[in-house]
Amino acid sequence: MAYGLKTKIWQTGQLEWYGMIDNEDVYLGSREFPQPPAEGDEWTVKATGLQFKITGGEIRKIGRTEPETPDWL
């Protein structure tokens, strides 16, 4: 188990993190993903607006917000 998590996670060559949540590949972010991930960590993925929290050693979706739009767009 990576980082002692029950959720299977992996990083791509583009330094993006993904996890297997509810039998689905889910984008967990890049710089937003906590390093190292620990119990109680929460984060929001800027590109998708999905919010996650580590509870009981598992990464869980806890909500969704409107994705951030960069100022330069």
Side-chain angles (χ1 to χ4, degrees):
M1 287 187 285
Y3 301 108
L5 294 174
K6 295 176 186 174
T7 304
K8 179 182 174 186
I9 60 171
W10 62 95
Q11 187 178 40
T12 68
Q14 295 156 331
L15 305 179
E16 297 177 323
W17 287 93
Y18 287 83
M20 184 64 71
I21 300 174
D22 298 329
N23 293 323
E24 244 182 80
D25 291 347
V26 178
Y27 178 59
L28 300 174
S30 55
R31 293 179 181 241
E32 308 93 344
F33 188 76
Q35 284 296 329
E39 186 70 24
D41 284 347
E42 290 185 31
W43 68 98
T44 302
V45 180
K46 291 179 184 176
T48 63
L50 288 174
Q51 299 172 319
F52 298 95
K53 182 175 183 170
I54 300 175
T55 306
E58 293 184 31
I59 299 174
R60 301 173 189 245
K61 292 182 194 176
I62 59 170
R64 184 180 189 119
T65 62
E66 196 63 34
E68 290 183 23
T69 304
D71 294 336
W72 49 270
L73 284 181

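Counting from 1, the numbers follow the sequence of the chain as shown.
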I54 and E39 have their tightest heavy-atom pair at O-OE2, 3.7 Å
Does anything in residues 43-63 form a salt bridge (charged side-chain N to carboxylate O under 4.0 Å, His left out)? List the pairs, not counting sequence neighbours.
E42-K53, E58-R60
Backbone N/O of G49 and side chain of E66: donor-acceptor pair under 3.5 Å
no
Should I59 and M20 be counted in the same cluster of Ile, Leu, Val, Met, Phe, Trp and Tyr side chains packed under 4.5 Å apart?
yes
Enumerate the ring-ring contact (aromatic ring centres under 6.0 Å, His included) contacts for residues 48-71, please, sequence neighbours excluded, ordered by first and then second residue.
W43-F52
Kindly give the heavy-atom pair with the smallest separation between L15 and S30, and that separation in Å.
O-CB, 3.5 Å
Taking Y18 as the fixed residue, which of I9, V26, T12 is the one that meets the side-chain contact (heavy atoms from CB on, under 4.5 Å) rule?
T12
Should W10 and L28 be regarded as members of a common hydrophobic cluster, given that ILVMFWY residues are connected when their side-chain heavy atoms come within less than 4.5 Å of each other, either directly or indirectly?
yes
Contact summary for P67 and T48, nearest pair of heavy atoms:
CG-O, 3.6 Å
For Q35, enumerate each residue passing the side chain to side chain donor-acceptor pair (under 3.5 Å) test, keeping only those at least two apart in sequence or located in another chain.
Y3
